[in-house]
Amino acid sequence: MFKIIAKDNKARLGILKTAHGELKTPFFMPVATKATVKTLTPEDLESCDVKVLISNSLHLFLKPGLEVLEKHGGLHKFMRFEGAIFTDSGGFQMIRKGFFVRADESGIIFRSPYDGQKYLFTPEFSKEVQMRIGSDVAMMLDYCAEYPASYEEAKRSVELTTKWAQKFPKNTKEQLSFGIVQGSIYEDLREKSAKDLSNMDFDGYGIGGLSIGEPKKVMHRMVEIVDGILPENKPRYLMGVGSPLEIIESVIRGVDIFDSVFPTRNGRHGTAITSEGMLNLRKAEFKNDMQPLDNECQCYTCENFTRAYIHHLLREKEILGMHLLSLHNVCFMIQFMKRLREEIEQGNLEKFKKEMERIYGT
Ligand code: PRF
Ligand code: ZN
């Protein structure tokens with residue numbers, strides 16, 4: 001299912017086989033929480049060469065519900081996306097207000113913010129929901145502790161996550177199952193969590209509970225510890241990361257998979273990710289700027305429109321501005337990952353990192 005093709009120090013170039021295509025790692029997944037990458041059509045995604053995205057099984061379970069999805073023949077058909085789809089379990093929604101009621105050994109009780117109804121998500125039920133949704137990769141039900149978390153709270157998150165990992169169905173046809181390492185910012189807990197899960201036959205491993213407010217250095221340290229323990233021959237997925245710099249910093253430490261709202265959220269907020277750095281198109285300096293967002297980009301937005309036009313759309317609160325920026329930003333991230341894979345192949349990662357630090361560094 002996962003094959004490593006080349007390495008540059010700890011960085012890996014690989015292929016992950018799924019029921020909807022072979023994915024070259026390291027890759028980045030745009031986020032489609034509610035079965036849409038916000039503002040983008042499937043044709044837009046295809047134009048950017050998006051081969052994989054991540055949706056959220058808890059959100060989809062609550063709305064529109066499994067019956068509607070099954071009536072369409074699953075999520076791929078529902079949203080008309082033919083690439084690979086990961087689904088998150090809802091473990092992360094624990095720390096988002098509005099869903100979480102409580103957790104114990106049996107699982108998590110969620111409350112629907114729509115009608116107040118309560119549901120017990122056991123590890124087995126979480127997998128069943130993701131199977132019925134029809135995603136290609138199911139993330140296990142995990143316990144994501146908030147940041148900051150006391151040692152006791154973090155310890156409980158690891159203990160429950162390990163118990164749930166044992167019960168989460170694996171080796172299922174068609175759909176891969178990924179474990180998720182927790183442990184907050186405590187080195188011994190991260191070690192324990194990674195060891196506990198390594199002994200189970202998951203197809204890959206999420207690294208959860210990071211990028212939620214802790215210092216960058218701490219996140220890097222946790223990734224180093226975990227990647228030193230997880231099995232070499234399985235893909236590692238740093239959940240909820242990130243930006244170009246964060247991705248390089250993590251790939252250098254052995255991470256293969258990423259997802260983030262970074263391109264779409266920035267797009268909706270008027271910011272373009274470009275080869276010159278982050279540009280806030282709302283700024284007055286772009287009022288008369290005849291250049292495309294990024295001179296090196298061949299996306300639909302950059303081929304057809306000026307910065308001045310996008311500046312105008314944003315100032316007038318026209319929704320096309322958000323769409324054009326989101327499209328460019330997602331295309332940018334996909335192009336960035338292609339370049340990153342080439343640099344790994346050529347053993348050039350350190351040099352590439354320095355170049356990116358000059359552009360995106362603070
Ligand atoms: N658990 C799950 N999904 C996640 C996370 C997690 O810890 C994170 C943490 N950054 C993002 N998405 N299940
Ligand atoms: Zn572009």
Side-chain angles (χ1 to χ4, degrees), residues 29 31 33 44 47-49 54-59 86-96 99-100 103 107-108 110 121 123 126-127 130 137-147 149 154 157-158 160-161 164-165 168 177-185 190 193 197 205-214 218-219 222-223 226 237-242 246 250 255 257-263 266-267 272-276 279 281 291-307 309-310 323-336:
M29 301 187 279
V31 175
T33 300
D44 293 332
S47 78
C48 295
D49 215 14
I54 180 158
S55 186
N56 187 290
S57 65
L58 176 63
H59 276 100
F86 279 54
T87 37
D88 202 352
S89 54
F92 191 49
Q93 271 59 43
M94 283 186 65
I95 64 172
R96 291 276 160 82
F99 289 98
F100 179 69
I108 304 178
F110 291 110
F121 272 64
S126 172
K127 175 73 178 182
Q130 297 183 70
V137 179
M139 301 306 299
M140 71 167 281
L141 185 74
D142 62 324
Y143 184 121
C144 179
E146 285 180 276
Y147 179 82
S157 81
V158 170
L160 287 181
T161 300
W164 299 345
F168 195 80
S177 288
F178 274 38
I180 301 178
V181 176
Q182 291 289 345
S184 189
I185 59 164
R190 284 281 166 190
S193 184
L197 268 62
Y205 291 91
I207 306 170
L210 293 174
S211 196
I212 52 177
E214 77 286 359
V218 173
M219 176 172 96
M222 296 302 130
V223 170
V226 167
Y237 163 22
L238 183 54
M239 306 187 76
V241 170
E246 285 173 338
S250 308
V255 178
I257 303 174
F258 302 88
D259 80 282
S260 174
V261 297
F262 185 76
N266 270 299
I273 319 163
T274 78
S275 52
E276 297 168 43
L279 301 181
L281 269 294
Q291 299 176 83
L293 288 178
D294 188 337
N295 281 300
E296 291 171 24
C297 180
Q298 267 119 54
C299 81
Y300 171 79
T301 303
C302 292
E303 294 272 272
N304 291 287
F305 303 101
T306 63
R307 291 173 176 178
Y309 179 60
I310 291 164
H323 164 71
L324 292 176
L325 272 177
S326 298
L327 178 63
H328 162 79
N329 284 350
V330 167
C331 285
F332 183 93
M333 291 306 297
I334 302 299
Q335 294 310 313
F336 171 79

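First listed ligand is number 1; within each ligand, the first listed atom is number 1.
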- With under 30° as parallel and over 60° as perpendicular, where do the rings of Phe336 and Phe332 fit, or are they tilted in between? parallel
- Between Trp164 and Tyr143, what is the ring plane arrangement, given parallel below 30°, perpendicular above 60°, and tilted in between? tilted
- Is the closest side-chain heavy-atom distance between Asp44 and Val330 below 4.5 Å? no
- Query: Do the non-hydrogen side-chain atoms of Leu293 and Leu279 ever get within less than 4.5 Å of each other?
  - Reply: no
- Task: Examine the side chains of Thr33 and Asn56 and answer whether a donor and an acceptor come within less than 3.5 Å of each other.
- Result: no
- Query: Got a donor-acceptor contact below 3.5 angstrom from the Asp142 side chain to the Thr161 backbone?
  - Reply: no
- Query: Excluding waters, which protein N, O or S atoms are within less than 2.8 Å of the Zn ion (ligand 2)?
  - Reply: Cys297 SG, Cys299 SG, Cys302 SG, His328 ND1
- Query: Considering residues at least two apart in sequence or located in another chain, which fulfil the side-chain contact (heavy atoms from CB on, under 4.5 Å) criterion with Thr306?
  - Reply: Met290, Ala308, Tyr309
- Item | Set of residues satisfying disulfide (SG to SG under 2.5 Å) with respect to Cys48, sequence neighbours excluded | Cys331
- Message: Residue by residue, ordered by chain and number, which ones reach under 4.0 Å of ligand 1 with a heavy atom?
- Response: Asp88, Ser89, Phe92, Asp142, Cys144, Ile180, Gln182, Gly208, Gly209, Leu210, Met239
- Message: A quick test of your reading: do over 12 heavy atoms of other residues, nucleotides or ligands sit less than 6.0 Å from CD of Glu146?
- Response: no
